[in-house]
Undergrad: 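Next up is a structure, given as structure tokens.
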Amino acid sequence: MRGSLNERQRLAVEHGDGPLLVLSGAGTGKTRVLVHRIATLIEHGVAPWEILAVTFTNKAAQEMRERLRQLLGDRVSPMWIGTFHATCARLLRRWGEAIDVPRDFQILDTDDQLKVIGKLLKEDGSDEACSPRTLLTRFDRAKNRGEDPTTVHTGQYLDDIVARLYPKYAERLRKEHAVDFNDLLLHVLRLAEHPEVGPRLATQFRHVLVDEFQDTNRVQYRLVMHLAHATRNVTVVGDDDQSIYGWRGAEPRNMFDFERDFPDVTVIRLEQNYRSTSIILDAANAVIARNRERHAKSLWTERGGGDPLGWHEAGDERGEASFIAGEIRKMIDHEDVSPRDVAILYRTHAQSRALEDQLRRFGLHPEIVGGLGFYERKEVKDVVAYLRLLTNPASDISFERVVNTPSRGIGDVTVDKVRVVARERELPLVEAARIAVREGAGGLAGAARKKLAGFVDLLDGLTAVIAAGASVAELVIQVVERSRYREILEADKSEEARGRLGNLAELVTVAADYDDEVGGEGDVLGLLERLALTAPGDDTRDDQPRVRMTTVHAAKGLEFPVVFLAGMEDGLFPSLREREDQDQDAAMEEERRLAYVAMTRAKDRLILSAARTRRTWGEIRMQVVSRFLDDIPPACLPRPSRKPVHVGGGADWRRVTAPTSSTVSSPGRGRAGARPAHRGTSWDEHDQRSYDDDEPSFDLDGDRDRAKVREDRIGPGASVVHGQFGSGRVVDASGQGKDRKLVIDFPEIGQKTVLARFVTVA
DNA sequence: GTCGTCCCGGGTTCC
DNA sequence: CCGGGACGAC
């Protein structure tokens, strides 16, 4: 079973007891090592439930589970595999009461936190001085390091606001039985110091293994120390070149502190890359090599050659997306490429929109990982708030969210009266509402009282549904029905309302899946926890092969035969935002590591792209090609220089561009991938003609203008070639310019209507 | 008490 | 471009 491991991998896998540090480069099989190591431990008699494996994302946990299942079968299920957050949530549910964390605690998402902070700022009269976001950042920055936000002084004017409001924030959360993401870890740290629970935690896991250790923060480091210091059986795996979570408090120095804290640690370096072609690896290494703050390592590969990187500069983001979608279409149609083999990576979620649209236009199905996803949709959050309120009446945040959602005539005035009652009697809002309805407390009367009574009845009815033993899915359905959410959305005939209804249906499905998975043991709390800790898209099961689209951050740990890296523009990638609290050089180094991570996701082909103009917030901005491209050796990335290059002229880098031998020119591979760079026109310019839709008005490239005119001239009778359908004859035409449509008769396929700009005259 | 309109601001990245 | 909050009109 371990036959295919190399020497060093085998050493790591078969390492016995004691601390182990695996320093691993990209694509060196570190996840494999972890998986095999766990399997080996179990084969040597360690019980599955004595093993804790910490992954960085839920997705990674899922994958590890899956791979272990292949090796071990059902023994996997009692194992602790998950993120720090998910693990801590589990530990807290079990032991939290020892430190006064209630069993029904709920996890606040960033949105909830911002709302709470916003309210506190307003009450304090400081909402002009500081945004909720700023304050939250200050809280988090301290908490990431395990420090008390009120005692961190930066000499800024915010210090006293932080000192004043953080205790209020913490108190508010405590009252509501709520914890934020950081609390989840910090509470467990407190638990570790508890006289009874602490020792149990320290010996609960005979082996602790942590992936992506370079991205742990100080609190996580201390957690690992607590959980492992008694047994000393701790394996950590990381690569300082792939540290991309500095903004979240990650401290790559944890890897080196680890060596200090365990002087007898065994260190194993994995340096053979099995993933990428040497050209891709060379390119990525050239980019990362410019970082000063790094522990140099030498990654090598036995995979020779490979295609040079692809490059395309489009007029705008739509053109870029269209190029990418077109290339993928061609690969799937003409080569042995499946949609699952391809990933599109980008720096920010905002870029996903255009890409998604164009993929669909080319008949491709995107799977968007992360992003403004499902669980952040308003209607989903509304229904979730009902569930929270039902399981945790102390949740005032949830009460305020749903008391008038959907609108039932309960306005601010009424809610204010309830607030007064709540404050006077020191009760949660729901309880106060009950009393107001029953006794008319707070001066509540007439229609308002009646409407509020209706809301209380709704909650009571739903509580009865739970008491009757309904499944979680059934409860979700009842919430949607009884709140009249469905009715109201159905009455609304708009596209938007239909979408929202669809999302609620999806939520029911998620709940039903949860019910199935836990086999009727499920409680609402469990579903809520899963929703809070699972990024949207983490659990998409596939009905059809989809092209993955994701941020570079979310792509860490993954690999794909074909990778498109979009938006290679200065300001976007690298992002060039000023942060007063962060050193610019450090920020640039992190961007560089991010580029390194992105590029090393690719196994066989890597295609970079950029747009000359980009729309952000409705404003069109001119873009400059990313500075990272200058670091890539021209031999790896043939592209026209920024200045016009005369063909065959001078001692420019074209002389050393891709040797013809490395040009894989299998028939039918279209224009994708490699092209000898010594042609008269570079292939990317050529492509642009057929893909770019929206040329920026200032672009005076005559060639492309001519191409447009040509589109309009294509009429009935013309013989044309289409990228997907092949050659055919035009039978009808309508529209002009980029909207010009042609009806074409393809001999094999029949008649199709296609846009003129996707065909060329035969 | 709700609903429409206008204005403002949006932190990139994730658990 | 978008959504949320503030404000004014019913």
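Note that the structure is a prediction, hence the values are computed from the model and not measured. All values below were derived from every heavy atom in this structure, side-chain atoms included, with hydrogens, water molecules and symmetry-related copies excluded. Residue numbering restarts at 1 for every chain, and letters A, B, ... go by the order of the sequence lines.
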Undergrad: Where the side chain of A:Thr414 is defined as all heavy atoms beyond and including C-beta, which of B:dG1, B:dC14, B:dT2 is the nearest nucleotide?
TA: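 Minimum distance to the A:Thr414 side chain belongs to B:dG1.
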Undergrad: Rounded at 0.5 Å granularity, tell me how far CZ in A:Arg377 sits from CG in A:Leu504.
TA: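 The CG atom of A:Leu504 is 11.0 Å from CZ of A:Arg377, to the nearest 0.5 Å.
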Undergrad: Pairs under 3.5 angstrom only: tabulate donor-acceptor contacts from the side chains of residues 449-456 of chain A to other protein residues two or more places apart or in another chain.
TA:
residue	atom	partner	partner atom	Å
A:Arg449	NE	A:Val437	O	2.8
A:Arg449	NH2	A:Val437	O	3.0
A:Arg449	NH2	A:Arg438	O	3.0

Undergrad: Counting only side-chain heavy atoms from C-beta out, which of B:dC15, B:dG1, B:dT2 sits nearest to A:Thr57?
TA: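 Between B:dC15, B:dG1, B:dT2, the one nearest the side chain of A:Thr57 would be B:dC15.
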Undergrad: Any chance the side chains of A:Thr616 and A:Glu619 put a donor and an acceptor closer than 3.5 Å?
TA: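 Judged by distance alone, the side chains do not pair up.
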Undergrad: Pick base, sugar-phosphate or nothing for A:Lys115, based on heavy-atom distances below 4.0 Å to the nucleic acid.
TA: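 The residue A:Lys115 makes no contact with any strand.
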Undergrad: Atom NZ of A:Lys450 to atom C1' of B:dG1: distance rounded to whole Å?
TA: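 One finds 16 Å between C1' of B:dG1 and NZ of A:Lys450, rounded.
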Undergrad: Could you tell me the separation between the CZ atom of A:Arg592 and the P atom of B:dT13, rounded to a whole number of Å?
TA: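 Whole-Å distance recorded here is 22 Å.
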Undergrad: For the side chain of A:Ser407, counting heavy atoms from C-beta on, which of B:dC15, B:dT2, B:dG10 is nearest?
TA: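 Closest of the options to the side chain of A:Ser407: B:dT2.
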Undergrad: Looking only at side-chain atoms of A:Thr83, point me to the closest of B:dG1, B:dC14, B:dC15.
TA: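 Side chain of A:Thr83 sits closest to B:dC15.
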Undergrad: Could you check which of B:dC15, B:dG11, B:dT13 has an atom nearest any side-chain atom of A:His349?
TA: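 Closest nucleotide among those given: B:dT13.
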Undergrad: Need one value for A:Phe84: base, sugar-phosphate or nothing, where a base atom within 4.0 Å counts as base even if backbone is also close, heavy atoms only.
TA: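 It contacts nothing in the nucleic acid.
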Undergrad: More 5' along DNA chain B: A:Gly409 or A:Ser575, using each one's nearest nucleotide?
TA: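 Its nearest nucleotide lies further toward 5', so the answer is A:Gly409.
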Undergrad: When you check the phosphate oxygens OP1 and OP2 of B:dG9, does a side-chain N or O of A:Ser131 lie under 4.0 Å from one of them?
TA: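 For A:Ser131, the contact criterion (side-chain N or O under 4.0 Å from OP1 or OP2 of B:dG9) is not met.
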Undergrad: Taking CZ from A:Phe56 and P from B:dC15, how many angstroms apart are they, rounded to a whole number?
TA: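 Whole-Å distance recorded here is 7 Å.
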Undergrad: Over how many whole Å does the gap from A:Lys143 atom NZ to B:dC15 atom C1' extend?
TA: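 Computing the A:Lys143:NZ to B:dC15:C1' distance gives 14 Å.
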Undergrad: For B:dG1, does OP1 or OP2 lie under 4.0 Å from any side-chain N or O of A:Asn404?
TA: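 No, A:Asn404 has no side-chain N/O under 4.0 Å of OP1/OP2 on B:dG1.
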Undergrad: Quickly work out the A:Leu136 CG to B:dT13 P distance and round it to whole Å.
TA: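 After rounding, the reported distance stands at 15 Å.
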Undergrad: Would one find more than 12 heavy atoms of other residues, nucleotides or ligands at under 6.0 Å from atom CZ of A:Arg290?
TA: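 Count not over threshold, so no.
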Undergrad: From CG of A:Leu572 over to P of B:dG11, roughly how many Å is that when rounded to an integer?
TA: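 Atom-to-atom, A:Leu572 to B:dG11, this comes out as 15 Å.
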Undergrad: Compare all side-chain heavy atoms of A:Asp183 with those of A:Leu173 and state whether any distance is below 4.5 angstrom.
TA: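 When only atoms from C-beta onward are counted, A:Leu173 and A:Asp183 do touch, with a gap below 4.5 Å.
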Undergrad: Would you indicate which nucleotide in B:dG11, B:dG10, B:dC14 comes nearest to any side-chain atom of A:Ala554?
TA: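 Of the candidates, B:dC14 comes closest.
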Undergrad: Going 5' to 3' along DNA chain C, which are the first and last nucleotides with any atom under 4.0 Å from a heavy atom of chain A?
TA: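 Range of nucleotides within reach of chain A: C:dC1 to C:dA6.
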Undergrad: Could you please name the option among B:dG11, B:dC14, B:dG1 that lies closest to any side-chain atom of A:Tyr245?
TA: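 Side chain of A:Tyr245 sits closest to B:dC14.
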Undergrad: State whether a side-chain donor-acceptor pair under 3.5 Å links A:Tyr245 with A:Glu212.
TA: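 Absent: no donor and acceptor within the cut-off.
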Undergrad: How is A:Val552 classified with respect to the nucleic acid when contacts are heavy atoms under 4.0 Å: base, sugar-phosphate, or nothing?
TA: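 If one applies the 4.0 Å heavy-atom cut-off, A:Val552 turns out to touch nothing in the nucleic acid.
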Undergrad: Looking at A:Val415, A:Val420, A:Val413, which one forms a side-chain contact (heavy atoms from CB on, under 4.5 Å) with A:Lys417?
TA: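 Looking at A:Val415, A:Val420, A:Val413, the match for A:Lys417 under the side-chain contact (heavy atoms from CB on, under 4.5 Å) is A:Val413.
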Undergrad: For A:Phe573 and B:dT13, what is the distance between atoms CZ and P respectively, to the nearest whole Å?
TA: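 Answer to the nearest Å: 13 Å.
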Undergrad: Would a 4.5 Å heavy-atom cut-off, applied to side chains only, mark A:Lys143 and A:Pro149 as touching?
TA: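 A side-chain contact exists here, since the closest heavy-atom pair is under 4.5 Å.
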Undergrad: Looking at A:Thr110, does any N or O in its side chain come under 4.0 Å of the phosphate oxygens OP1/OP2 on B:dC15?
TA: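 Answer no for this pair, as no side-chain N or O of A:Thr110 is under 4.0 Å from OP1 or OP2.
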Undergrad: Could you state the NE2-C1' distance from A:His553 to B:dC15, rounded to the nearest angstrom?
TA: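 Computing the A:His553:NE2 to B:dC15:C1' distance gives 13 Å.
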Undergrad: So which one's nearest nucleotide on DNA chain B is more toward 5', A:Glu591 or A:Arg408?
TA: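 Of the two residues, A:Arg408 wins.
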Undergrad: Base, sugar-phosphate, or nothing for A:Asp140, non-hydrogen atoms under 4.0 angstrom?
TA: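 The answer is nothing, as A:Asp140 stays clear of every strand by at least 4.0 Å.
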Undergrad: What does A:Ile410 touch in the nucleic acid at a heavy-atom separation under 4.0 angstrom: a base, only the sugar-phosphate, or nothing?
TA: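 Answer is sugar-phosphate: A:Ile410 comes under 4.0 Å of backbone atoms only.
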Undergrad: Is any side-chain heavy atom of A:Arg498 closer than 4.5 Å to one of A:Glu490?
TA: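 No. Closest side-chain heavy atoms not under 4.5 Å.
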